[in-house]
Q: 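Have a look at this one.
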Amino acid sequence: MAANFELKIMLYSSTAITFLFIFTSLIPSFQAHEVEGMFVFGSSLVDNGNNNYLRNSSARADYIPYGIDFPLGPSGRFSNGRNPIDVLGELLRLPSFIPPFSDPSTVGQRILHGVNYASGGSGILDHTGSITGEVTSMNQQIRNFEKVTLAEMQSHVDLKRKCDHLSKYLFIVGTGGNDYLLNYFTSNNRRTNILNFTHKLIATLSRQLRRLYDLGARKFVLFSIQAMGCIPAVRANLHVSNGSCVEAMNEAALLFNNHLKALVTKSPNSSMPHASMIYINSYKIIRDIIKDPISNGFKETSKACCDLPSNGILCRKGGKACKDRNSHVFFDGLHPTDAVNERIAHIAYASNLKSEAYPTNVKNLVQMYN
């Protein structure tokens, strides 16, 4: 009888341990669903196909070799594979890729987990990127969110019930680089002091973030602009052949990034109660790879992976791509490879280094104010 009692205890204990194992293994899934989705604003570094629907845009990536490593093929992402938003979505265990706003099918249930409004070539200022043809400016992206997506979420009872609390969504902003590359450095803006130009950008961006807050945004992820002086297009244009970066361009990027981080450092709570902002230093992440590629798993830091036409920015249509894409930092003359985008997203999600994710990471951000 004692033996039977001991056997039952062992069976109960085994069952309890099995249940505990199953329960604890599910905890990350519960945590991941504390974020309903992402609303994404910015330029080509986070665009996932919106420019495909702009008739007069030359900033498009809907052709081979773009998407050569992406499950859907060429989708409009300026990468051989994913962009950082795609990887963040995977880490947050969202059920699907965030759909582009311009896709006519981005309606109804498809908007439950967010929408991507980003447009390649666009910037903070309305006229940035006009040299590439039609772009969707940051202001227009916000209007698209307000007038179309938000209106649809509020007009449908089933959507409103699930999407009522925008604090459960991340609002991701990745913009600013084109305001220098396709505006300041390519126009008469250079007559303006770069410090004054940067102050104008930050002041405009601050108003745009405030507008998103007024519409319900509470959790912001602000991506820095990358090391512009290190991209292949800039190096080629200025005939830098020794592998070094154009530091004058990088200084402009750092100037903007320092002011962008200051938006987070000053804490938005005084003017935007219950809002949380984090700053992701993608500049440092890419620069660290360039400075020490081997230990970071890369080899080629200065050349594009794909064939480039004379302008040296976007891949040649139907052109070839290098075979060792995971060892390249840049896929074309401007945009990182899938491997770099994955690195940026993983650091954004989980890094405890304030020099990379300040003052905290995305994983912690999604737990706030729920």
Side-chain angles (χ1 to χ4, degrees), residues 29-44 46-55 57 60-62 67 70-78 82-120 122 134-175 208 211-221 345 362 365-366 369-370:
S29 295
F30 295 155
Q31 291 177 338
H33 284 97
E34 290 182 6
V35 59
E36 291 291 337
M38 298 182 285
F39 293 107
V40 184
F41 306 83
S43 62
S44 58
V46 291
D47 183 1
N48 67 346
N50 282 300
N51 278 19
N52 295 354
Y53 301 89
L54 299 180
R55 294 182 180 179
S57 174
R60 296 172 64 150
D62 55 349
F70 191 67
L72 303 178
S75 62
R77 290 164 170 82
F78 293 79
R82 301 161 297 173
N83 64 27
I85 305 304
D86 299 319
V87 183
L88 267 182
E90 294 170 5
L91 293 170
L92 293 165
R93 302 191 182 185
L94 296 180
S96 60
F97 293 121
I98 305 298
F101 170 81
S102 298
D103 186 336
S105 67
T106 303
V107 293
Q109 298 293 318
R110 284 202 77 198
I111 71 175
L112 277 178
H113 298 288
V115 176
N116 189 316
Y117 305 87
S119 173
S122 70
E134 186 180 0
V135 299
T136 306
S137 68
M138 184 69 177
N139 281 326
Q140 185 59 50
Q141 291 174 36
I142 295 172
R143 285 192 290 269
N144 290 341
F145 167 71
E146 176 185 7
K147 302 298 183 182
V148 181
T149 305
L150 195 57
E152 183 170 1
M153 290 167 63
Q154 293 174 341
S155 64
H156 290 73
V157 176
D158 56 337
L159 290 178
K160 185 176 181 181
R161 183 173 62 253
K162 294 180 180 179
C163 306
D164 196 34
H165 301 289
L166 289 180
S167 64
K168 291 184 177 292
Y169 289 80
L170 297 180
F171 283 72
I172 299 180
V173 178
T175 187
Q208 293 164 342
R211 182 58 188 151
L212 288 173
Y213 172 85
D214 290 340
L215 294 171
R218 292 297 179 267
K219 296 174 181 176
F220 296 87
V221 180
V362 171
L365 177 65
V366 299
Y369 304 116
N370 284 342

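Every heavy atom of this structure was used, including side-chain atoms; hydrogens, water molecules and symmetry mates were not.
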Q: Would you say Asp47 and Ser119 are linked by a side-chain donor-acceptor pair, where the criterion is simply a distance under 3.5 Å?
A: no
Q: Under the rule for side-chain hydrogen bond (donor to acceptor under 3.5 Å, both in side chains), what residues qualify as partners of Ser102, not counting sequence neighbours?
A: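 Checked Ser102 against side-chain hydrogen bond (donor to acceptor under 3.5 Å, both in side chains); matches are Asn50.
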Q: According to side chain to side chain contact (heavy atoms under 4.5 Å, CB included), who are the partners of Glu146, at least two apart in sequence or on a separate chain?
A: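 Testing Glu146 for side chain to side chain contact (heavy atoms under 4.5 Å, CB included), a comparison that skips the adjacent residues, returns Arg211, Leu215.
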Q: Do Thr106 side-chain atoms and Pro100 backbone N/O form a donor-acceptor pair below 3.5 Å?
A: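 Side chain of Thr106 to backbone of Pro100: a pair is present.
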Q: Please list, chain by chain and in numerical order, all residues satisfying side-chain hydrogen bond (donor to acceptor under 3.5 Å, both in side chains) with Gln208, sequence neighbours excluded.
A: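 Only Asn139 meet the side-chain hydrogen bond (donor to acceptor under 3.5 Å, both in side chains) criterion with Gln208.
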Q: Asp62 side chain to Gly49 main-chain N or O, any donor-acceptor pair under 3.5 Å?
A: no
Q: Of all residues at least two apart in sequence or in a different chain, which pass the side-chain hydrogen bond (donor to acceptor under 3.5 Å, both in side chains) check with Ser44?
A: His335
Q: Measuring only between side-chain heavy atoms, which start at C-beta, is Val35 closer than 4.5 Å to Lys219?
A: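 They are not in contact (no side-chain heavy atoms under 4.5 Å apart), so the answer is no.
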Q: Take Asp86 and Arg77 through the test side chain to side chain contact (heavy atoms under 4.5 Å, CB included) and record every step on the way to the result.
A: CA-CA 10 Å; Asp86 299 319; Arg77 290 164 170 82; 2.7 Å; yes
Q: Sequence neighbours left out, what passes ring pair (Phe, Tyr, Trp, His ring centres under 6.0 Å) with Tyr53? Give chain and number order.
A: none
Q: Which atoms form the tightest heavy-atom contact between Ile111 and Met153, and what is the distance?
A: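 So the two residues come closest at CD1-CG, 3.6 Å.
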Q: Hey, which of Phe41, Tyr117, Phe145 is the one that makes ring pair (Phe, Tyr, Trp, His ring centres under 6.0 Å) with Phe101?
A: Tyr117
Q: Taking side chain to side chain contact (heavy atoms under 4.5 Å, CB included) as the test, write out the residues that go with Pro74, two or more places apart.
A: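 Here the qualifying residues are Ile64.
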Q: Check for a donor-acceptor pair, side chain of Asn48 on one end and backbone N or O of Asn83 on the other, with a separation under 3.5 Å.
A: no
Q: Would you name the heavy atoms of His113 and Ile98 that are closest together and state the gap between them?
A: O-CD1, 3.0 Å
Q: Which atom pair, heavy atoms only, marks the closest approach of Arg60 to Asn52?
A: NH2-O, 3.0 Å
Q: Please report the shortest heavy-atom distance between Ala118 and Ser43, naming the atom on each side.
A: CB-O, 3.6 Å
Q: Apply side chain to side chain contact (heavy atoms under 4.5 Å, CB included) to residues Tyr213 and Phe171 and explain how you reach the verdict.
A: CA-CA 10 Å; Tyr213 172 85; Phe171 283 72; over 6 Å; no
Q: Considering all heavy atoms of both residues, which atom of Ala345 and which atom of Pro84 are nearest to each other, and what is their separation?
A: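 Distance-wise, the nearest heavy atoms are CB-O, 3.6 Å.
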Q: Quick one, Leu92 and Leu170 - any side-chain contact, counting heavy atoms below 4.5 Å?
A: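 Counting from C-beta outward, Leu92 and Leu170 do come under 4.5 Å.
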Q: Please answer whether the main-chain N or O of Gly42 pairs with a side-chain N or O of Gln141 as donor and acceptor at a distance below 3.5 Å.
A: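 Yes; at least one donor-acceptor contact below 3.5 Å.
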Q: Can you list the steps and then say if Phe39 with Leu212 is a side chain to side chain contact (heavy atoms under 4.5 Å, CB included)?
A: CA-CA 10 Å; Phe39 293 107; Leu212 288 173; over 6 Å; no
Q: Keeping Arg110 on the side-chain end and Val115 on the backbone end, is there a donor-acceptor pair under 3.5 Å?
A: no
